[in-house]
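Data first, discussion second: the structure below is written as structure tokens.
The chains referred to below are lettered A, B, ... by the order of the sequence lines, with proteins before strands, and numbering in each begins at 1. Quantities reported herein were computed from a predicted structural model and do not represent experimental measurements.
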Amino acid sequence: MENSIFKQYLERRNTLVKNRNILQTSYNPDQLPHRSDEIDQIASILAGALKGDKPSNIMIFGKAGTGKTAVMTFIGNELQKADAATSNCEYIYINCEVVDTHYGILSGIGNQSQTDFEKRIPYTGWSTEKVYMEMKNYIDSQSKVFIIVLDEIDRLLNKNSDDVLYHLLAINDFLKNSKVSLVGISNNLKFMEFLDSRVHSRFGEEKIIFPPYKTKQLEDILKERAKLAFEPEAIEFGVIPLCAAIAAQDNGDARRALDLLRVAADIAERNGDTLITEAHVKNAKNKIEVDAVVETVKTLPPHSKIVLMSIIKNTEDGNKTMTTGDMYSTYKEITEILGLNCVSQRRVADLISELDMLGIVHAPVRSFGRAGRTRVIELSAPKDVHDVLEADELMIPLKTYRNPKQTTLM
DNA sequence: TGTCCACTGGAAGGGAGGGCTT
DNA sequence: AAGCCCTCCCTTCCAGTGGACA
């Protein structure tokens, strides 16, 4: 360790933060401030499962960072504790953002409580029908009440996967020994409207809405965590109220409040400061925003990157806005230089929509009367995006390319 | 009022790629 | 090895459209 390059950082650590995990959004606290009503409500519905009765299906709504997942995780843990003696129920959690196909969800349910490795459903290869049967048979063989939580359930909508919901809701008709209750978690309040009527009627049994946290409530949450995470006297008085205020503006998102506090602490520690200040929080805010965009851009599929590059190139050429057609010709030039096949304009239109949804570009559809109707595309990401793209392996040929007609393209 | 532009966005389907089954 | 199945990415086709202009 004597000459390690890490030495200085290790020595500097622990001056401010006592326990970093507590500030992670994945950390599950023992206390969930300002959510006792919601916990009671859900617990009262699910309590029947402990006696072997089938609880009503529940839909939980609330914006991002309102504690939906944290509350369900908490309840899941409590349920398992309470069930330890009788073993009447099984709690299964699926995040539909991670697993978003029929197959993935069904096999996820079938595998989560399956302890026998030999009997696990392979993650691809079977027909969905077979996976469903296997899962159903497994569930029925357990003679328990299964509480299946589908987090981010709205992800299933655009994948026309409400079939899978229908099958899960109807599964009770085919079970002899077990019962299944579904808990859906969504941050889209209109989720139910988009559902097939046969799914809609079965799912609407109980609805619970998580309101956004107010500034004061966010402060309480942060104080609670800060007490455990930081050394005493590590944070300036105004830091927590500032984090809370910024997050409150952002739909009362507790996750965001925690991120701000954690990143602010990181920045302070890295600077070797002995106190976390409001200035650190402001830096953190900026850093989080830029990091999020940069990370998204880095993980974009190749053609999306080229589309984005085309938009940047047009912007740098002085066209602050451009139509789909303009952008597509630039796109074709670039793909040619890169030595790749270009995709159709129809496909590019979808890629633009995706970039729009990610907030990287702004591309509303506008009509120019006789001059047609098209998207007006404008870059809305910070400048860092350009650097990230330019550094991308995919774009290497652009740097060395010289246009025979003009001087250089880039 | 109707025309017409430059697309948009839905639908259907192909085919590659991953992996199981027989 | 041949035959399936599922998902993802993509193509092709095409009806539909907002609004400036004649």
| said: Counting only side-chain heavy atoms from C-beta out, which of dG10(B), dC7(B), dA22(C) sits nearest to Arg346(A)? | reply: dG10(B)
| query | Would you say the side chains of His362(A) and Asp356(A) form a donor-acceptor pair under 3.5 Å? | reply | no
| said: What's the closest nucleotide to the side chain of Thr374(A) if the choices are dA6(B), dT3(B), dC6(C)? | reply: dA6(B)
| query | Going by atom types alone, do His303(A) and Tyr331(A) pair a side-chain donor with an acceptor below 3.5 Å? | reply | yes
| said: Base, sugar-phosphate or nothing for Thr324(A)? Non-hydrogen atoms, less than 4.0 Å. | reply: sugar-phosphate
| Separation of atom NE2 in His102(A) from atom C1' in dC8(C), rounded to whole Å | 14 Å
| Minimum-distance nucleotide to Arg373(A) side chain [options: dT8(B), dT3(B), dG9(B)] | dT8(B)
| request: Report, as yes or no, whether the 6.0 Å neighbourhood of atom CD on Glu289(A) holds more than 12 heavy atoms from other residues, nucleotides or ligands. | output: yes
| Lys130(A) side-chain N/O to dT21(B) phosphate OP1/OP2 under 4.0 Å | yes
| field | Out of dA22(C), dG9(B), dT7(C), whichever nucleotide has its closest atom nearest the side chain of Val365(A) | value | dG9(B)
| query | Does a side chain donor of either Ser181(A) or Asn57(A) reach within less than 3.5 Å of an acceptor in the other side chain? | reply | no
| query | Can you tell me how far P of dT8(B) sits from CD1 of Ile377(A), to the nearest Å? | reply | 8 Å
